[in-house]
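A note on names: the letters A, B, ... follow the listed sequences, proteins ahead of strands, and every chain is numbered from 1.
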Amino acid sequence: MSTLRDPADALLEWYDRHARDLPWRIGPGPRARGARPDPYRVWLSEVMLQQTTVAAVRDYFHRFTTLWPTVEALAAAEDGRVMGEWAGLGYYARARNLLKCARVVTHEHGGRFPETAEALRQLPGIGPYTAAAIAAIAFDRPETVVDGNVERVIARRFDIRTPLPAAKPEIAARAGELTPEARPGCYAQAVMDLGATICTPKNPACGICPWRDDCAGRLAGTAAELPAKTPKKPKPVRHGIAYLARRVDGAWLLERRPDSGLLGGMLGWPGSEWTEGDPAPAPPIRAEWRDVGAEARHTFTHFHLRLALRTALVPMERTPERGAFLPLEEFRPSDLPTVMRKAFDLAAKG
DNA sequence: AATGCGGGGTC
DNA sequence: GACCCAGCATT
């Protein structure tokens with residue numbers, strides 16, 4: 001019989017001492033008395049946390065749960081209002097799917113989230129990771145979560161040198177073997193906390209890691225270099241022109257972008273196509289356009305953008321060819337995605 | 001299996 | 001600057 005402690009127990013003991021206090025978690029006291037976190041809050045936090053750091057999510061989570069405390073309340077919200085509150089968080093398909101999911105849960109599941117990963121997986125915006133996370137954290141199911149943190153922790157612990165994404169099946173299998181039957185929700189959060197605070201991408205703090213004695217990567221000296229990844233393609237630079245038209249009564253000319261594609265469903269300034277060559281001018285209304293000295297620079301997932309800015313003051317009676325004038329009292333700069341917000345700050349206030 | 005899809009922290 | 005992140009949908 002081995003004298004080695006079960007690795008899951010070692011990690012859970014570490015988690016009990018070091019768990020971060022996060023708004024979507026419940027305290028250790030209530031948890032010990034059998035309380036479970038609200039599935040709505042678990043779901044909302046997990047969707048917000050997709051490819052997004054805890055620091056970026058905090059304020060958004062607080063605003064969303066204040067505005068919409070239940071899934072039914074969110075389901076009844078106006079689309080544009082939700083997109084506006086999501087503005088700045090990125091990956092806007094998440095917000096569209098969030099609303100879809102809230103409405104399905106409200107109208108087809110009686111306002112209750114399904115309790116199995118398989119059933120959760122059928123909902124919009126819920127993939128393998130999020131389904132496992134909700135099932136484990138909210139419903140205490142022994143599901144294995146595999147996110148970027150887990151991939152790094154597992155690749156190091158077992159010294160898996162196959163580059164991602166090819167290594168995903170092996171990593172998932174190893175992660176599954178470690179998942180305990182007891183306290184699966186705590187365990188899932190513990191592995192991710194470990195990856196976020198100790199087993200970090202750079203300069204991992206191996207000396208204080210609860211798994212330091214059975215980490216193959218640490219013993220082999222490869223930990224800090226793992227996981228290996230296939231190289232990414234360089235980002236090209238695209239150029240565009242944005243047109244910020246202000247009507248004499250203070251209204252701004254904006255357009256709602258189509259649901260699919262970049263910044264889908266978000267409010268934005270009308271403009272040219274974004275091309276790697278010179279963009280073709282595309283003023284949305286007849287006016288005397290004035291070039292703003294500065295350009296808005298922004299980096300998206302797969303390209304850099306340099307956006308030239310043009311402004312104009314237009315009279316009341318003139319009608320736009322694209323977009324619609326939004327009255328000043330209905331215009332909130334915070335409803336804009338970041339690149340459009342940068343353009344506004346430069347053109348209107350710069 | 002590959003690609004499109006944001007933005008901010010961190011080094 | 002590049003890299004990374006509590007990934008998902010689409011093709």
Side-chain angles (χ1 to χ4, degrees), chain A residues 20 22-25 41-61 83 86-98 100-101 120-134 136-138 143-153 163-169 172 175 185 187-197 199-204 224-237 257-266 268 274 297-305 336-342:
Chain A
R20 292 179 291 175
L22 301 176
W24 44 88
R25 290 184 175 170
R41 294 167 66 89
V42 173
W43 163 72
L44 179 61
S45 68
E46 290 300 341
V47 173
M48 287 183 167
L49 286 162
Q50 287 165 6
Q51 294 294 103
T52 310
T53 57
V54 167
V57 163
R58 275 183 194 275
D59 292 347
Y60 284 88
F61 181 81
M83 299 309 290
W86 197 275
L89 198 55
Y91 283 148
Y92 298 99
R94 292 186 296 173
R96 301 193 302 272
N97 285 328
L98 190 81
K100 279 188 203 166
C101 184
L120 287 159
R121 180 71 184 79
Q122 306 305 314
L123 294 167
I126 297 184
Y129 164 76
T130 307
I134 298 172
I137 297 169
E143 297 286 345
T144 301
V145 301
V146 183
D147 72 331
N149 284 306
V150 176
E151 286 179 346
R152 185 173 58 256
V153 170
L164 287 169
K168 279 175 182 285
Y187 176 80
Q189 295 175 89
V191 189
M192 293 189 284
D193 270 20
L194 187 70
T197 64
C199 197
T200 48
K202 295 177 182 177
N203 303 320
E225 320 301 325
L226 295 176
K229 300 203 172 180
T230 54
K232 303 176 180 173
K233 283 193 268 188
K235 293 176 180 166
V237 178
R257 299 172 65 87
D259 266 353
S260 65
L262 191 71
L263 306 179
M266 299 301 290
W274 297 346
R297 290 192 178 202
H298 191 73
T299 298
F300 291 95
T301 312
H302 53 293
F303 64 93
H304 303 287
L305 177 66
L336 297 173
T338 299
V339 66
M340 301 298 175
R341 177 70 182 275
K342 283 182 184 174

- Task: Calculate the interatomic distance between Lys168(A) atom NZ and dC8(C) atom C1'; express it in whole Å.
- Result: 11 Å

- Message: Taking the six-membered ring for Trp, are Phe300(A) and His298(A) closer than 6.0 Å centroid to centroid?
- Response: yes

- May I ask you to evaluate whether Arg96(A) reaches the phosphate of dA9(C), defined as a side-chain N or O under 4.0 Å from OP1 or OP2? no

- Item | Least distance between heavy atoms, Arg96(A) atom then Gly265(A) atom | NH1-N, 4.2 Å

- Item | Validation row: Lys168(A), Glu151(A) side chains within 4.5 angstrom (heavy atoms) | yes

- Task: Output yes when a side-chain donor or acceptor of Arg152(A) lies under 3.5 Å from a complementary backbone atom of Gly195(A), and no otherwise.
- Result: yes

- Note on the structure: Atom CG of Asn97(A) and atom C1' of dG7(C) are separated, to the nearest Å, by 12 Å

- Message: I need the CD-P distance between Glu46(A) and dA6(C), as an integer number of Å.
- Response: 11 Å

- Task: Tell me what Thr130(A) touches on the nucleic acid: a base, only sugar-phosphate, or nothing, going by heavy atoms under 4.0 Å.
- Result: sugar-phosphate

- Message: In whole Å, I'd like the distance from the CD atom of Glu151(A) to the C1' atom of dG7(C).
- Response: 10 Å

- Task: Give the rounded distance in Å between these two atoms: CG of Leu49(A) and P of dG7(C).
- Result: 8 Å

- Item | Toward the 5' end of DNA chain C, by each residue's nearest nucleotide, Leu123(A) or Arg25(A) | Arg25(A)

Side-chain atoms of residues 47-58 of chain A: list all donor-acceptor pairs with protein atoms under 3.5 Å, sequence neighbours left out, distances to 0.1 Å.
from	atom 1	to	atom 2	distance (Å)
Gln50(A)	NE2	Gly125(A)	O	3.4
Gln50(A)	NE2	Thr130(A)	OG1	2.9
Thr52(A)	OG1	Met48(A)	O	3.4
Thr52(A)	OG1	Gln50(A)	O	2.8
Thr52(A)	OG1	Arg94(A)	NH1	3.1
Thr52(A)	OG1	Arg94(A)	NH2	3.4

- Query: How about Val42(A) and Trp24(A): do any of their side-chain heavy atoms sit closer than 4.5 Å?
  - Reply: no

- Heavy atoms under 4.0 Å, any strand shown: does Trp24(A) hit a base, just sugar-phosphate, or nothing? base

- Closest non-hydrogen atom pair, Gly88(A) against Thr338(A): CA-OG1, 3.7 Å

- Query: How far does the C1' atom of dG6(B) sit from the matching atom of dC5(C), given to the nearest Å?
  - Reply: 12 Å

- Message: For the P atoms, the ones on dA6(C) and on dC11(B), what distance do you get once it is rounded to whole angstrom?
- Response: 14 Å

- Query: dA9(C) and dG8(B): how far apart are their P atoms, nearest whole angstrom?
  - Reply: 24 Å

- Note on the structure: Taking for Ile137(A) and for His304(A) the nucleotide of DNA chain C with the nearest heavy atom, the one nearer the 5' end belongs to His304(A)

- Message: So Pro165(A), base contact, sugar-phosphate only, or nothing? Heavy-atom distance under 4.0 Å.
- Response: nothing

- Would you classify Leu305(A) as touching base, sugar-phosphate or nothing, given that sugar-phosphate means primed atoms plus P, OP1 and OP2, and contacts are heavy atoms under 4.0 Å? nothing

- Task: Would you indicate whether the side-chain heavy atoms of Leu262(A) and Trp274(A) approach each other to under 4.5 Å?
- Result: yes

- Length of the line joining Leu98(A):CG and dA9(C):P, which is rounded to integer Å: 12 Å

- Query: Along nucleotides 3-11 of chain B, 5' to 3', which nucleotides get a B, which get an S, and which get a -, given that the test is a protein heavy-atom distance under 4.0 Å?
  - Reply: SSBBBS---

- Message: Just the rounded figure in Å: distance from P of dG7(C) to CZ of Arg152(A).
- Response: 10 Å

- Using atom NZ of Lys229(A) as one end and atom P of dC3(C) as the other, report the distance to the nearest whole Å. 10 Å

